[in-house]
Amino acid sequence: MDLLTRIKGPRDLDRLSLGELDRLAEEIRTFLVDAVSKTGGHLGPNLGVVELTIALHRVFESPRDKVLWDTGHQAYVHKLLTGRQDFSRLKSKGGLSGYPSRAESDHDVIENSHASGVLGWADGMAKANEVLKKDDHVVAVIGDGALTGGMAWEALNNIAAAKDRPLVIVVNDNERSYAPTIGGLANHLATLRTTDGYERFLARGKDLLERTPVVGRPLYDTLHGAKKGLKDFIAPQGMFEDLGLKYVGPIDGHDIEALESALQRAKRFGGPVIVHCLTEKGRGYTPALEDEADRFHAVGKIHPDTGLPISTSGLDWTSVFGEEMVKLGEEREDIVAITAAMLQPVGLGKFEAAFPDRIYDVGIAEQHGAVSAAGLATGGLHPVFAVYATFLNRAFDQVLMDVALHKCGVTFVLDRAGITGTDGASHNGMWDMSILQCVPGLRIAAPRDADQVRAQLREAVAVDDAPTVVRFSKGAVGPAVKAVGRAGGMDVLREPKTDGRPDVLIVSVGALAPMCLEIADLLDAQGISSTVVDPRWVKPVDEALAPLAERHRVVVTVEDNSRAGGVGSAVAQALRDAGVDVPLRDFGIPPVFLDHASRGEVMAEIGLTAPDIARQVTGLVAKLDGRFESRAAEPARD
């Protein structure tokens with residue numbers, strides 16, 4: 001690591017020879033494999049952008065020039081070259097973020113790691129430079145998978161409108177997002193990769209035709225006059241040039257000298273330029289290259305020599321869903337699945353293997369996925385759109401106006417709901433139950449365990465006249481939490497240990513059921529009786545909840561979602577509407593962006609733990625007791 005340890009900032013790269021730069025690239029790959037194998041993280045994408053990142057920082061002067069990353073999971077090398085080489089706590093509390101972070105460095109501009117947005121950022125920053133008469137450069141690095149997102153093309157349309165506004169767009173083309181990139185754009189880029197090129201074709205044609213008597217030269221002139229049509233046929237970079245974007249490439253993304261030459265040309269050009277770079281995801285690491293599923297896109301802790309996981313967790317929520325989807329597919333021919341470039345991460349790999357003609361990967365295009373689902377439902381099928389909870393935020397308008405308004409039977413399965421922890425603010429699935437509360441007719445299920453995932457998924461796909469949502473957590477699913485009774489459509493998980501009026505009704509949402517039972521035990525130790533119920537379907541609020549709440553002195557809701565507009569708010573409104581005047585305290589996630597840390601550390605930091613909640617509920621009950629005692633002590637009045 002001799003060379004890498006000497007790099008304290010991008011300008012240290014200027015002193016290295018081409019041979020030293022190649023050595024540095026190998027050192028970086030060795031470092032990444034060693035470091036990320038210990039912590040987990042996005043390994044494959046970063047192994048693929050080593051030379052590209054080196055070239056970018058040699059040609060451009062960050063942070064004066066703004067280098068923007070989409071998505072941010074390919075920015076580990078960028079961190080290394082900008083003075084951040086302590087990866088010992090990557091994605092852990094107090095350590096480096098797994099994405100660019102403004103708090104870490106002036107070299108980081110965009111923290112949001114939702115794909116396809118970088119070109120919009122770049123367009124705005126280039127416009128700001130123009131208005132303020134700055135000569136800074138704006139460089140947007142976008143993965144080919146992110147170009148499947150509609151926002152990228154909306155931005156390209158605007159970027160191309162100003163032919164003389166400098167902006168460099170680097171397309172990192174590795175044929176993959178998580179898995180191999182699909183769709184028409186992917187086919188287009190593949191054509192660019194395999195085309196010999198218009199200029200060479202035309203040169204050979206000119207030599208041949210000029211030797212042809214009589215008709216040769218006129219035919220060549222005709223072909224040359226039809227240059228644009230030929231260019232589109234032979235080298236479809238014309239698509240970008242039709243938009244008014246200068247195209248450079250394709251460039252070998254592992255040839256530093258070629259990359260620097262292309263980027264220098266783009267830097268000198270006084271308008272928008274696309275530099276198309278061909279890279280290999282997982283480059284230099286055999287286990288990643290042999291992983292056809294996603295080239296080690298994201299890994300846990302692994303053995304660096306073999307790439308095998310150091311330990312395996314138990315059954316996880318995603319796998320439970322994936323297995324049940326296969327069973328549903330066998331039982332119902334109308335069940336189809338949708339994924340947004342995340343087939344394996346959302347657990348649909350087995351469904352694809354079993355029913356390859358009944359699954360649709362729409363690319364990184366959640367909005368289109370939701371509208372397409374509405375069309376599938378209207379056409380007589382029942383689509384199940386599996387997506388990370390945080391990414392459904394992007395398709396809210398389509399859920400509202402296309403799916404719900406048209407009463408389409410679409411099931412949205414939200415993986416990684418609630419606090420996910422180590423991926424930081426943009427990946428916590430903490431908004432879905434708030435933003436979906438206002439959607440008329442939509443129903444939300446929050447399973448507490450694997451059995452309920454299976455049961456409630458089946459209940460969801462049985463609904464054919466409204467959208468349904470099934471949301472569950474990240475990681476391992478715990479043991480089953482058995483119900484001891486039923487109240488309306490709700491499961492009673494614990495009965496109060498009293499013959500009189502119970503003190504507290506605890507409304508447990510989803511995976512927090514074990515915590516809520518622990519809260520009840522802690523309250524019981526303080527002489528406070530409680531009932532614990534799992535609503536199962538948290539929207540709409542079960543009609544049996546209001547009369548049940550009326551039989552308790554206090555209602556407490558506990559959810560893995562933002563307190564603002566979440567289940568607690570919906571329960572409070574339902575109680576008001578029913579005329580039930582019982583004090584209610586809602587516990588959940590505060591409306592803040594949460595720093596990266598483990599799920600447990602985040603929950604402890606925000607007070608979403610059994611001891612914290614039990615302590616506050618005990619205080620609330622004590623206040624009620626104090627108020628009643630003081631009133632009882634007052635003398636009777638005439």
Side-chain angles (χ1 to χ4, degrees), residues 433-434 437 442-449 451-452 455-456 459 471 480-561 563 565-588 608 610 613-614 616-625 627-628:
M433 290 196 294
S434 296
Q437 282 290 342
L442 180 141
R443 312 174 199 185
I444 304 175
R448 65 179 179 269
D449 56 27
D451 291 342
Q452 288 301 308
Q456 294 189 261
E459 292 170 27
R471 53 113 63 186
V481 180
K482 300 299 183 182
V484 298
R486 192 85 166 172
M490 302 182 296
D491 280 346
V492 178
L493 305 183
R494 177 187 171 113
E495 297 280 8
K497 297 178 180 179
T498 179
D499 294 329
R501 185 186 186 191
D503 294 304
V504 182
L505 172 63
I506 302 174
V507 181
S508 168
V509 177
L512 299 186
M515 177 197 293
C516 290
L517 291 173
E518 184 182 352
I519 294 168
D521 288 339
L522 293 171
L523 293 177
D524 189 60
Q526 298 296 319
I528 299 172
S529 59
S530 61
T531 303
V532 180
V533 296
D534 171 13
R536 301 184 72 251
W537 289 85
V538 296
K539 180 184 185 320
V541 175
D542 196 291
E543 292 180 357
L545 184 60
L548 182 61
E550 197 168 24
R551 297 198 292 272
H552 292 73
R553 297 173 63 199
V554 176
V555 175
V556 170
T557 63
V558 186
E559 62 188 297
D560 194 4
N561 183 80
R563 292 180 60 216
V567 175
S569 296
V571 169
Q573 181 174 333
L575 297 184
R576 289 195 301 270
D577 291 347
V580 175
D581 186 17
V582 176
L584 183 145
R585 179 68 191 272
D586 58 319
F587 293 93
L608 195 60
I613 294 172
Q616 294 190 55
V617 174
T618 299
L620 177 58
V621 172
K623 286 183 179 179
L624 292 175
D625 290 339
R627 184 172 71 230
F628 294 144

Asp524 vs Ser530, side chain to side chain donor-acceptor pair (under 3.5 Å): CA-CA, chis, key distance, verdict: CA-CA 7 Å; Asp524 189 60; Ser530 61; over 6 Å; no
From CG (Leu575) to CG (Leu545), nearest 0.5 Å: 6.0 Å
Asp625 side, atom CG; Leu620 side, atom CG - distance, nearest 0.5 Å: 10.0 Å
Side-chain donor-acceptor pair present, Ser529, Asp503, cut-off under 3.5 Å: yes
Greater than 12 external heavy atoms within 6.0 Å of Asp577's CG: yes
Beyond-backbone contact of Arg576 with Leu584, side-chain heavy atoms, under 4.5 angstrom: no
Non-hydrogen side-chain atoms of Val621 and Gln526 separated by less than 4.5 Å: no
Test log, rule side-chain contact (heavy atoms from CB on, under 4.5 Å), inputs Asn561 and Val567: CA-CA 8 Å; Asn561 183 80; Val567 175; 5.9 Å; no
Working for side-chain contact (heavy atoms from CB on, under 4.5 Å), residues Met515 and Ile506: CA-CA 11 Å; Met515 177 197 293; Ile506 302 174; over 6 Å; no
Salt bridge (charged side-chain N to carboxylate O under 4.0 Å, His left out) evaluation trace for Arg536 with Asp542: CA-CA 9 Å; Arg536 301 184 72 251; Asp542 196 291; over 6 Å; no
Electrostatic pair Arg471-Asp560, nearest N-O below 4.0 angstrom: no
Salt-bridge present (Asp521, Arg494; N to O < 4.0 Å): yes
side-chain contact (heavy atoms from CB on, under 4.5 Å) assessment of Leu493 paired with Arg448: CA-CA 11 Å; Leu493 305 183; Arg448 65 179 179 269; 3.8 Å; yes
